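Just so it is clear: chains get the letters A, B, ... in the order the sequence lines come, proteins before strands, and each one is counted from 1. Given the structure is predicted, the values throughout are model-derived calculations rather than measurements.
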Amino acid sequence: MATLKPVRGTQDVLPAENRQLRYVESVAFGVAQIYGYGEISTPIFEFTDVFARTLGDTSDIVTKEMYSFEDRGGEGITLRPEGTAGVARAVMSGGLQQDLPLKLFYRGPMFRYERPQKGRRRQFGQVGVELIGVAGPLADIEVIALGHQFLDRLGVGAQVTLELNSLGDTQSRAAYRDKLVDYLQGFEDQLSDDSRERLTRNPLRILDSKNEGDRKIIGGAPVLSDCLNDESRDFFDAVKAGLEKLGIAFEINSRLVRGLDYYCHTAFEFTTNDLGAQGTVLAGGRYDGLFEQMGGRETPGIGWAAGVERLALLTGETVAAPRPVAVVPVGNEAEAAALDLTQELRRAGVAVDLGYSGNMKKRMKRAGNLDARFAVLLGQDELARGAATIRDMDSGEQSEVSLSQVAEHLRQSGA
RNA sequence: GCGAAUGUAGCUCAACUGGUUAGAGCACCGGCUUGUGGUGCCGGGGGUUGGGGGUUCAAGUCCCCUCGUUCGCCCCA
(Lines give C-alpha, C1' and ligand atoms only; values in the text may rest on other atoms or scores of the structure.)
Protein backbone atom coordinates (compact mmCIF):
# COMPACT_ATOMS: atom_id res chain seq x y z
CA MET A 1 0.00 0.00 0.00
CA ALA A 2 2.70 2.43 0.93
CA THR A 3 4.26 2.14 -2.49
CA LEU A 4 0.90 2.85 -4.08
CA LYS A 5 0.77 6.29 -2.56
CA PRO A 6 1.46 9.36 -4.67
CA VAL A 7 4.78 11.09 -4.05
CA ARG A 8 4.77 13.51 -1.14
CA GLY A 9 3.30 16.83 -2.06
CA THR A 10 1.56 15.49 -5.16
CA GLN A 11 -2.01 14.38 -5.43
CA ASP A 12 -4.60 12.82 -7.67
CA VAL A 13 -7.22 15.28 -8.77
CA LEU A 14 -10.66 13.77 -9.23
CA PRO A 15 -13.31 15.17 -11.58
CA ALA A 16 -15.12 17.29 -8.98
CA GLU A 17 -11.95 19.12 -7.99
CA ASN A 18 -10.71 19.33 -11.55
CA ARG A 19 -13.85 21.19 -12.51
CA GLN A 20 -12.94 23.84 -9.94
CA LEU A 21 -9.34 24.09 -11.07
CA ARG A 22 -10.30 24.28 -14.75
CA TYR A 23 -12.86 26.91 -13.86
CA VAL A 24 -10.21 29.09 -12.22
CA GLU A 25 -7.98 28.70 -15.27
CA SER A 26 -10.74 29.47 -17.72
CA VAL A 27 -11.74 32.63 -15.86
CA ALA A 28 -8.11 33.73 -15.92
CA PHE A 29 -7.74 33.07 -19.63
CA GLY A 30 -11.08 34.69 -20.37
CA VAL A 31 -10.05 37.93 -18.69
CA ALA A 32 -6.58 37.77 -20.25
CA GLN A 33 -8.17 37.55 -23.68
CA ILE A 34 -10.18 40.66 -22.95
CA TYR A 35 -6.86 42.41 -22.44
CA GLY A 36 -5.51 41.03 -25.69
CA TYR A 37 -3.34 38.20 -24.38
CA GLY A 38 -2.73 34.97 -26.26
CA GLU A 39 -1.79 31.68 -24.70
CA ILE A 40 1.74 30.34 -24.83
CA SER A 41 2.77 26.85 -23.76
CA THR A 42 6.36 26.15 -22.91
CA PRO A 43 7.88 22.82 -21.91
CA ILE A 44 7.39 21.60 -18.40
CA PHE A 45 11.15 21.16 -18.10
CA GLU A 46 14.07 23.21 -19.30
CA PHE A 47 17.85 23.12 -19.12
CA THR A 48 18.73 23.83 -15.52
CA ASP A 49 20.60 26.96 -16.62
CA VAL A 50 17.39 28.65 -17.71
CA PHE A 51 16.30 28.82 -14.09
CA ALA A 52 19.64 28.90 -12.33
CA ARG A 53 20.86 31.92 -14.27
CA THR A 54 17.67 33.92 -14.14
CA LEU A 55 16.36 33.36 -10.66
CA GLY A 56 19.68 34.24 -9.05
CA ASP A 57 22.11 32.17 -7.09
CA THR A 58 20.81 33.42 -3.79
CA SER A 59 17.15 32.63 -4.23
CA ASP A 60 15.78 29.74 -2.25
CA ILE A 61 14.20 28.32 -5.33
CA VAL A 62 17.57 27.75 -6.90
CA THR A 63 19.45 26.79 -3.77
CA LYS A 64 17.08 24.19 -2.42
CA GLU A 65 13.75 23.90 -4.17
CA MET A 66 14.39 22.77 -7.73
CA TYR A 67 13.58 19.34 -9.04
CA SER A 68 16.76 18.82 -11.04
CA PHE A 69 18.14 15.72 -12.65
CA GLU A 70 20.42 14.58 -15.40
CA ASP A 71 18.75 13.00 -18.41
CA ARG A 72 20.09 10.05 -20.35
CA GLY A 73 22.07 12.34 -22.58
CA GLY A 74 23.82 13.87 -19.59
CA GLU A 75 21.98 17.19 -19.83
CA GLY A 76 21.10 19.07 -16.65
CA ILE A 77 17.33 19.29 -16.62
CA THR A 78 14.96 21.00 -14.17
CA LEU A 79 11.22 20.76 -13.79
CA ARG A 80 10.04 24.35 -14.04
CA PRO A 81 9.57 25.98 -10.63
CA GLU A 82 7.89 29.04 -12.14
CA GLY A 83 6.75 30.29 -15.50
CA THR A 84 8.52 33.52 -16.38
CA ALA A 85 11.98 32.16 -17.14
CA GLY A 86 10.59 29.61 -19.60
CA VAL A 87 8.48 32.20 -21.36
CA ALA A 88 11.45 34.56 -21.65
CA ARG A 89 13.55 31.73 -23.05
CA ALA A 90 10.82 30.92 -25.56
CA VAL A 91 10.64 34.54 -26.65
CA MET A 92 14.36 34.55 -27.35
CA SER A 93 14.51 31.09 -28.93
CA GLY A 94 11.66 31.94 -31.24
CA GLY A 95 12.95 35.35 -32.25
CA LEU A 96 9.75 36.87 -30.93
CA GLN A 97 11.56 40.02 -29.83
CA GLN A 98 10.81 41.34 -33.30
CA ASP A 99 7.13 41.28 -32.46
CA LEU A 100 7.15 43.38 -29.32
CA PRO A 101 5.12 44.13 -27.39
CA LEU A 102 4.07 40.59 -26.55
CA LYS A 103 1.11 39.77 -24.36
CA LEU A 104 1.25 36.19 -23.21
CA PHE A 105 -0.86 34.06 -20.94
CA TYR A 106 0.22 30.66 -19.62
CA ARG A 107 -1.10 27.94 -17.38
CA GLY A 108 0.14 24.61 -16.14
CA PRO A 109 1.93 22.74 -13.40
CA MET A 110 5.03 23.98 -11.60
CA PHE A 111 7.31 21.98 -9.32
CA ARG A 112 9.10 22.92 -6.14
CA TYR A 113 10.73 20.67 -3.60
CA GLU A 114 9.09 22.12 -0.51
CA ARG A 115 7.46 20.93 2.67
CA PRO A 116 3.78 20.51 1.80
CA GLN A 117 1.22 22.56 3.67
CA LYS A 118 -2.28 23.80 3.06
CA GLY A 119 -2.16 25.65 -0.23
CA ARG A 120 1.38 24.49 -0.91
CA ARG A 121 2.25 21.40 -2.91
CA ARG A 122 5.29 20.13 -4.69
CA GLN A 123 3.32 20.05 -7.90
CA PHE A 124 0.88 22.91 -8.22
CA GLY A 125 -0.88 24.82 -10.94
CA GLN A 126 -0.25 28.38 -11.92
CA VAL A 127 -1.81 30.76 -14.37
CA GLY A 128 0.17 33.81 -15.33
CA VAL A 129 0.60 36.67 -17.76
CA GLU A 130 3.65 38.43 -19.17
CA LEU A 131 3.66 41.78 -20.93
CA ILE A 132 7.00 42.02 -22.66
CA GLY A 133 8.51 45.01 -24.38
CA VAL A 134 6.76 47.94 -22.72
CA ALA A 135 9.00 50.09 -20.56
CA GLY A 136 6.48 52.64 -19.31
CA PRO A 137 4.25 52.49 -16.23
CA LEU A 138 1.18 51.96 -18.37
CA ALA A 139 2.25 48.33 -18.65
CA ASP A 140 2.39 47.95 -14.88
CA ILE A 141 -1.04 49.47 -14.50
CA GLU A 142 -2.59 47.25 -17.13
CA VAL A 143 -1.07 44.07 -15.79
CA ILE A 144 -2.22 44.80 -12.25
CA ALA A 145 -5.68 45.76 -13.52
CA LEU A 146 -5.83 42.44 -15.34
CA GLY A 147 -5.02 40.56 -12.16
CA HIS A 148 -7.54 42.61 -10.24
CA GLN A 149 -10.31 41.95 -12.74
CA PHE A 150 -9.48 38.25 -12.77
CA LEU A 151 -9.82 37.96 -8.99
CA ASP A 152 -13.00 40.00 -9.14
CA ARG A 153 -14.52 37.72 -11.78
CA LEU A 154 -13.63 34.75 -9.63
CA GLY A 155 -15.59 36.30 -6.83
CA VAL A 156 -12.72 36.62 -4.39
CA GLY A 157 -12.16 40.34 -4.83
CA ALA A 158 -13.49 41.12 -1.36
CA GLN A 159 -11.15 38.61 0.27
CA VAL A 160 -7.90 39.97 -1.10
CA THR A 161 -5.75 43.02 -0.57
CA LEU A 162 -3.39 44.48 -3.13
CA GLU A 163 -0.01 45.29 -1.65
CA LEU A 164 2.33 47.44 -3.68
CA ASN A 165 5.94 48.51 -3.51
CA SER A 166 8.71 49.74 -5.71
CA LEU A 167 12.15 48.22 -5.69
CA GLY A 168 13.44 51.03 -7.87
CA ASP A 169 15.91 50.68 -10.69
CA THR A 170 19.28 49.00 -10.31
CA GLN A 171 20.92 52.18 -9.06
CA SER A 172 18.26 52.88 -6.41
CA ARG A 173 18.25 49.32 -5.29
CA ALA A 174 22.01 49.25 -4.86
CA ALA A 175 21.95 52.49 -2.89
CA TYR A 176 19.27 51.16 -0.60
CA ARG A 177 21.02 47.87 -0.15
CA ASP A 178 24.12 49.66 1.14
CA LYS A 179 22.12 51.77 3.55
CA LEU A 180 20.19 48.79 4.83
CA VAL A 181 23.28 46.68 5.40
CA ASP A 182 24.92 49.57 7.24
CA TYR A 183 21.94 49.79 9.54
CA LEU A 184 21.50 46.08 10.09
CA GLN A 185 25.14 45.45 10.84
CA GLY A 186 24.62 47.45 14.00
CA PHE A 187 22.24 44.72 15.14
CA GLU A 188 24.03 41.76 13.69
CA ASP A 189 24.23 39.78 16.92
CA GLN A 190 20.51 40.31 17.57
CA LEU A 191 19.25 39.09 14.22
CA SER A 192 17.84 35.59 13.76
CA ASP A 193 20.20 33.01 12.31
CA ASP A 194 18.41 33.05 8.98
CA SER A 195 18.54 36.79 8.70
CA ARG A 196 22.18 37.03 9.75
CA GLU A 197 23.02 34.75 6.87
CA ARG A 198 20.96 36.82 4.47
CA LEU A 199 22.84 39.95 5.52
CA THR A 200 25.49 39.21 2.93
CA ARG A 201 23.56 36.99 0.58
CA ASN A 202 20.24 38.75 0.10
CA PRO A 203 19.72 41.57 2.62
CA LEU A 204 16.47 42.86 1.15
CA ARG A 205 14.77 39.64 2.12
CA ILE A 206 15.36 40.38 5.79
CA LEU A 207 12.64 43.01 5.50
CA ASP A 208 10.17 40.20 4.96
CA SER A 209 11.17 38.20 8.05
CA LYS A 210 8.41 37.07 10.37
CA ASN A 211 10.77 36.63 13.29
CA GLU A 212 9.64 38.90 16.12
CA GLY A 213 13.08 40.11 17.06
CA ASP A 214 13.88 40.81 13.42
CA ARG A 215 10.71 42.76 12.98
CA LYS A 216 11.58 45.07 15.85
CA ILE A 217 14.92 45.83 14.28
CA ILE A 218 13.34 46.26 10.86
CA GLY A 219 10.91 48.76 12.30
CA GLY A 220 13.73 51.27 12.59
CA ALA A 221 15.40 50.41 9.31
CA PRO A 222 15.73 52.86 6.46
CA VAL A 223 12.85 52.71 4.02
CA LEU A 224 13.34 51.77 0.41
CA SER A 225 11.16 54.54 -0.93
CA ASP A 226 13.53 57.13 0.58
CA CYS A 227 16.30 55.80 -1.62
CA LEU A 228 14.51 55.90 -4.93
CA ASN A 229 16.12 58.23 -7.43
CA ASP A 230 13.94 60.72 -9.29
CA GLU A 231 13.35 58.45 -12.21
CA SER A 232 12.27 55.53 -10.05
CA ARG A 233 10.07 57.73 -7.92
CA ASP A 234 8.31 59.21 -10.96
CA PHE A 235 7.73 55.75 -12.29
CA PHE A 236 6.19 54.54 -9.05
CA ASP A 237 4.05 57.68 -8.75
CA ALA A 238 2.71 57.10 -12.23
CA VAL A 239 1.76 53.52 -11.39
CA LYS A 240 0.00 54.58 -8.21
CA ALA A 241 -1.84 57.39 -9.97
CA GLY A 242 -2.99 55.01 -12.68
CA LEU A 243 -4.37 52.51 -10.21
CA GLU A 244 -6.16 55.25 -8.31
CA LYS A 245 -7.68 56.47 -11.53
CA LEU A 246 -9.00 52.97 -12.21
CA GLY A 247 -10.40 52.71 -8.72
CA ILE A 248 -8.14 49.84 -7.77
CA ALA A 249 -7.40 49.99 -4.06
CA PHE A 250 -3.90 49.20 -2.83
CA GLU A 251 -1.73 49.45 0.23
CA ILE A 252 1.88 50.43 0.15
CA ASN A 253 3.99 47.77 1.80
CA SER A 254 7.56 48.98 1.98
CA ARG A 255 8.67 45.57 3.23
CA LEU A 256 7.38 43.85 0.12
CA VAL A 257 10.32 42.44 -1.80
CA ARG A 258 10.08 39.64 -4.28
CA GLY A 259 11.97 36.44 -3.80
CA LEU A 260 13.39 36.36 -7.29
CA ASP A 261 16.36 38.40 -8.34
CA TYR A 262 15.16 39.67 -11.66
CA TYR A 263 12.56 42.04 -10.30
CA CYS A 264 12.86 45.84 -10.32
CA HIS A 265 10.51 48.78 -9.93
CA THR A 266 6.97 47.60 -9.34
CA ALA A 267 6.38 44.64 -7.04
CA PHE A 268 2.88 43.61 -6.01
CA GLU A 269 0.98 40.87 -4.26
CA PHE A 270 -2.68 40.11 -3.81
CA THR A 271 -2.94 38.48 -0.39
CA THR A 272 -5.66 36.99 1.77
CA ASN A 273 -6.04 36.07 5.42
CA ASP A 274 -8.28 33.12 4.63
CA LEU A 275 -5.62 30.59 3.67
CA GLY A 276 -3.41 30.38 6.74
CA ALA A 277 0.27 30.93 6.17
CA GLN A 278 0.00 30.74 2.38
CA GLY A 279 -1.67 34.09 1.96
CA THR A 280 -0.24 35.12 -1.38
CA VAL A 281 -2.69 34.34 -4.13
CA LEU A 282 -1.40 36.33 -7.08
CA ALA A 283 1.94 38.09 -7.25
CA GLY A 284 4.32 39.61 -9.71
CA GLY A 285 6.42 42.52 -10.72
CA ARG A 286 8.62 44.16 -13.29
CA TYR A 287 11.70 42.37 -14.58
CA ASP A 288 13.55 44.68 -16.95
CA GLY A 289 16.87 42.96 -16.36
CA LEU A 290 15.79 39.43 -17.07
CA PHE A 291 16.49 39.17 -20.78
CA GLU A 292 19.98 40.58 -20.50
CA GLN A 293 20.71 38.27 -17.62
CA MET A 294 19.78 35.37 -19.88
CA GLY A 295 22.18 36.58 -22.53
CA GLY A 296 19.67 38.33 -24.74
CA ARG A 297 18.93 41.86 -25.79
CA GLU A 298 17.71 44.21 -23.06
CA THR A 299 13.93 43.94 -22.99
CA PRO A 300 11.56 45.27 -20.37
CA GLY A 301 8.81 43.06 -19.01
CA ILE A 302 6.23 42.75 -16.29
CA GLY A 303 3.92 39.95 -15.26
CA TRP A 304 2.31 37.96 -12.52
CA ALA A 305 1.48 34.41 -11.58
CA ALA A 306 -1.38 33.06 -9.50
CA GLY A 307 -1.78 29.79 -7.64
CA VAL A 308 -4.65 27.81 -9.11
CA GLU A 309 -5.22 25.52 -6.10
CA ARG A 310 -5.05 28.44 -3.69
CA LEU A 311 -7.66 30.33 -5.65
CA ALA A 312 -9.88 27.27 -5.86
CA LEU A 313 -9.63 26.93 -2.08
CA LEU A 314 -10.50 30.58 -1.70
CA THR A 315 -13.60 30.55 -3.88
CA GLY A 316 -14.94 27.59 -1.92
CA GLU A 317 -17.52 27.16 -4.65
CA THR A 318 -18.11 23.83 -6.25
CA VAL A 319 -18.64 23.69 -9.96
CA ALA A 320 -21.49 21.36 -10.91
CA ALA A 321 -21.04 18.85 -13.68
CA PRO A 322 -23.31 19.31 -16.68
CA ARG A 323 -26.57 17.40 -16.26
CA PRO A 324 -26.92 14.51 -18.69
CA VAL A 325 -29.90 12.75 -20.16
CA ALA A 326 -30.20 9.13 -19.06
CA VAL A 327 -31.38 6.54 -21.54
CA VAL A 328 -33.07 3.67 -19.75
CA PRO A 329 -33.98 0.53 -21.70
CA VAL A 330 -36.52 -1.81 -20.17
CA GLY A 331 -35.90 -5.41 -21.12
CA ASN A 332 -33.33 -7.01 -23.40
CA GLU A 333 -35.02 -6.16 -26.66
CA ALA A 334 -34.99 -2.51 -25.82
CA GLU A 335 -31.21 -2.44 -25.32
CA ALA A 336 -30.42 -2.41 -29.01
CA ALA A 337 -32.89 0.39 -29.61
CA ALA A 338 -31.45 2.26 -26.62
CA LEU A 339 -27.97 2.01 -28.08
CA ASP A 340 -29.19 3.50 -31.37
CA LEU A 341 -31.03 6.29 -29.64
CA THR A 342 -28.08 7.07 -27.37
CA GLN A 343 -25.77 7.38 -30.32
CA GLU A 344 -28.21 9.56 -32.20
CA LEU A 345 -28.58 11.90 -29.25
CA ARG A 346 -24.86 12.11 -28.73
CA ARG A 347 -24.33 12.94 -32.40
CA ALA A 348 -26.87 15.70 -31.90
CA GLY A 349 -24.72 17.05 -29.08
CA VAL A 350 -26.82 15.90 -26.14
CA ALA A 351 -24.87 14.61 -23.12
CA VAL A 352 -26.17 11.10 -22.58
CA ASP A 353 -25.47 8.44 -20.01
CA LEU A 354 -26.88 5.00 -20.04
CA GLY A 355 -26.87 2.76 -17.05
CA TYR A 356 -24.83 -0.08 -18.43
CA SER A 357 -26.63 -2.90 -16.70
CA GLY A 358 -29.29 -3.84 -14.22
CA ASN A 359 -33.01 -3.60 -14.05
CA MET A 360 -34.96 -0.45 -14.54
CA LYS A 361 -34.94 0.47 -10.88
CA LYS A 362 -31.17 0.34 -10.71
CA ARG A 363 -30.79 2.36 -13.83
CA MET A 364 -33.20 4.98 -12.61
CA LYS A 365 -31.29 5.24 -9.38
CA ARG A 366 -28.06 5.70 -11.28
CA ALA A 367 -29.72 8.37 -13.39
CA GLY A 368 -30.67 10.12 -10.17
CA ASN A 369 -27.12 9.91 -8.87
CA LEU A 370 -25.82 11.43 -12.08
CA ASP A 371 -28.23 14.29 -11.53
CA ALA A 372 -29.80 13.56 -14.91
CA ARG A 373 -32.15 16.24 -16.16
CA PHE A 374 -34.28 13.82 -18.14
CA ALA A 375 -34.65 10.08 -18.42
CA VAL A 376 -35.64 8.54 -21.73
CA LEU A 377 -37.50 5.29 -21.08
CA LEU A 378 -37.60 2.63 -23.76
CA GLY A 379 -39.77 -0.42 -23.22
CA GLN A 380 -41.78 -2.92 -25.24
CA ASP A 381 -44.86 -0.73 -25.22
CA GLU A 382 -43.07 2.34 -26.44
CA LEU A 383 -41.09 0.44 -29.05
CA ALA A 384 -44.26 -1.08 -30.45
CA ARG A 385 -45.49 2.44 -31.02
CA GLY A 386 -42.10 3.71 -32.24
CA ALA A 387 -41.93 6.04 -29.27
CA ALA A 388 -40.14 6.71 -25.99
CA THR A 389 -41.23 8.08 -22.66
CA ILE A 390 -39.41 11.18 -21.51
CA ARG A 391 -39.38 11.74 -17.78
CA ASP A 392 -38.51 15.08 -16.25
CA MET A 393 -36.36 14.01 -13.31
CA ASP A 394 -37.08 17.15 -11.33
CA SER A 395 -40.85 17.31 -11.64
CA GLY A 396 -41.56 13.65 -12.30
CA GLU A 397 -43.73 14.52 -15.27
CA GLN A 398 -43.69 12.07 -18.15
CA SER A 399 -44.75 12.28 -21.74
CA GLU A 400 -44.52 9.96 -24.70
CA VAL A 401 -42.66 11.22 -27.74
CA SER A 402 -42.16 9.54 -31.07
CA LEU A 403 -38.60 8.21 -31.48
CA SER A 404 -37.80 10.54 -34.33
CA GLN A 405 -38.75 13.50 -32.19
CA VAL A 406 -36.78 12.66 -29.07
CA ALA A 407 -33.67 14.68 -29.92
CA GLU A 408 -35.69 17.70 -30.94
CA HIS A 409 -37.92 17.45 -27.90
CA LEU A 410 -34.95 17.28 -25.54
CA ARG A 411 -33.26 20.17 -27.23
CA GLN A 412 -36.35 22.31 -26.82
CA SER A 413 -36.54 21.33 -23.18
CA GLY A 414 -33.02 22.59 -22.69
CA ALA A 415 -31.10 19.32 -22.36
C1' G B 1 15.64 21.64 6.24
C1' C B 2 13.55 22.89 11.70
C1' G B 3 9.45 22.65 15.59
C1' A B 4 4.58 20.71 17.08
C1' A B 5 0.14 17.84 16.41
C1' U B 6 -2.17 13.84 14.11
C1' G B 7 -3.26 8.95 11.29
C1' U B 8 -9.43 3.80 13.25
C1' A B 9 -14.51 1.26 7.08
C1' G B 10 -14.95 5.12 0.63
C1' C B 11 -16.26 9.86 3.97
C1' U B 12 -17.13 12.10 9.14
C1' C B 13 -16.12 10.24 13.76
C1' A B 14 -16.80 6.51 18.55
C1' A B 15 -14.19 2.73 21.65
C1' C B 16 -13.64 4.66 30.43
C1' U B 17 -7.64 4.60 33.69
C1' G B 18 -4.29 -1.05 27.95
C1' G B 19 -8.95 -6.22 29.04
C1' U B 20 -13.04 -10.95 25.32
C1' U B 21 -15.51 -11.48 17.95
C1' A B 22 -13.15 -2.56 16.84
C1' G B 23 -18.79 0.47 16.64
C1' A B 24 -22.18 4.48 14.53
C1' G B 25 -23.92 7.94 10.80
C1' C B 26 -23.44 8.91 5.64
C1' A B 27 -22.19 6.31 1.14
C1' C B 28 -22.41 1.46 -1.36
C1' C B 29 -25.09 -3.37 -2.42
C1' G B 30 -29.69 -6.38 -1.88
C1' G B 31 -35.01 -6.82 -0.45
C1' C B 32 -40.11 -4.74 0.63
C1' U B 33 -41.62 -2.63 -4.95
C1' U B 34 -39.44 -8.58 -11.51
C1' G B 35 -41.88 -0.71 -16.08
C1' U B 36 -39.83 4.10 -12.65
C1' G B 37 -34.76 7.46 -9.04
C1' G B 38 -34.84 11.28 -5.11
C1' U B 39 -38.82 9.81 1.31
C1' G B 40 -39.61 5.10 4.55
C1' C B 41 -38.69 0.10 6.58
C1' C B 42 -35.62 -4.58 6.70
C1' G B 43 -31.04 -6.87 5.62
C1' G B 44 -25.81 -7.14 3.69
C1' G B 45 -20.66 -6.39 2.22
C1' G B 46 -16.62 -3.70 3.80
C1' G B 47 -11.14 -2.44 8.72
C1' U B 48 -4.08 -7.11 9.37
C1' U B 49 -6.93 0.49 13.78
C1' G B 50 -0.92 4.00 7.92
C1' G B 51 3.59 0.45 8.02
C1' G B 52 7.53 -2.01 11.03
C1' G B 53 9.59 -3.26 15.71
C1' G B 54 9.19 -3.36 21.16
C1' U B 55 6.92 -3.52 26.40
C1' U B 56 2.90 -6.66 28.54
C1' C B 57 -0.70 -12.45 30.41
C1' A B 58 -3.22 -8.82 27.10
C1' A B 59 -1.95 -2.96 22.63
C1' G B 60 -6.47 0.91 18.45
C1' U B 61 -4.86 2.54 23.45
C1' C B 62 2.11 2.69 26.13
C1' C B 63 7.50 3.18 23.87
C1' C B 64 10.86 3.51 19.43
C1' C B 65 11.50 3.87 14.09
C1' U B 66 9.25 4.95 9.44
C1' C B 67 5.61 6.94 5.90
C1' G B 68 1.59 10.32 5.04
C1' U B 69 -1.32 14.53 6.56
C1' U B 70 -2.13 19.14 9.29
C1' C B 71 -0.33 23.71 11.73
C1' G B 72 3.81 27.00 12.34
C1' C B 73 9.09 28.44 10.73
C1' C B 74 11.72 28.88 6.17
C1' C B 75 10.10 30.20 1.33
C1' C B 76 6.55 31.25 -2.06
C1' A B 77 1.62 31.12 -6.24
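- Contacts of A/Arg366 with the nucleic acid, taken as non-hydrogen atoms under 4.0 Å apart, are absent.
- Near RNA chain B, meaning a heavy atom under 4.0 Å away, the residues from residues 369-379 of chain A are A/Asn369, A/Leu377, A/Gly379.
- Contacts of A/Arg120 classified as side chain to side chain contact (heavy atoms under 4.5 Å, CB included), with partners at least two apart in sequence or in another chain: A/Glu114, A/Arg115, A/Gln117, A/Gln278, A/Arg310.
- Looking at residues 266-275 of chain A, you'll see that no heavy atom sits under 4.0 Å from any atom of RNA chain B.
- Annotation: side chain to side chain contact (heavy atoms under 4.5 Å, CB included) contacts of A/Ser26 (sequence neighbours excluded): A/Tyr23.
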Can you run through RNA chain B from 5' to 3' and write each base as (, ), [, ], | or . depending on how it pairs? Watson-Crick or G-U wobble, both distances under 3.5 Å. (((((((..((((.....[...)))).(((((.......))))).....(((((..]....))))))))))))....
Polar atom pairs (N or O), protein with nucleotides 38-41 of chain B, under 3.5 Å:
from: B/G38; atom 1: N2; to: A/Met393; atom 2: O; distance (Å): 3.2
from: B/G38; atom 1: N2; to: A/Asp394; atom 2: O; distance (Å): 3.2

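- Legend: residues meeting salt bridge (charged side-chain N to carboxylate O under 4.0 Å, His left out) with A/Glu75, ordered by chain and number and at least two apart, are absent.
- Look at A/Lys362 and you won't find any side-chain N or O under 4.0 angstrom from OP1 or OP2 of B/C29.
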Between the protein and nucleotides 6-8 of chain B, which nitrogen or oxygen pairs come in under 3.5 angstrom?
none

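- For A/Tyr287, the ring-ring contact (aromatic ring centres under 6.0 Å, His included) test picks out A/Tyr262, with sequence neighbours left out.
- A straight line from CG of A/Asn359 to C1' of B/G30 spans 11 Å, rounded to a whole angstrom.
- Interface residues of residues 7-29 of chain A facing RNA chain B, ordered by number: A/Arg8, A/Gly9; criterion, heavy-atom separation under 4.0 Å.
- Of the side-chain N and O atoms in A/Gln398, none sit less than 4.0 angstrom from OP1 or OP2 of B/U36.
- Remark: A/Glu163 engages no residue in a salt bridge (charged side-chain N to carboxylate O under 4.0 Å, His left out) (not counting sequence neighbours).
- Residues satisfying the side chain to side chain contact (heavy atoms under 4.5 Å, CB included) test with A/Gln171, not counting sequence neighbours, are A/Asp169, A/Asn229.
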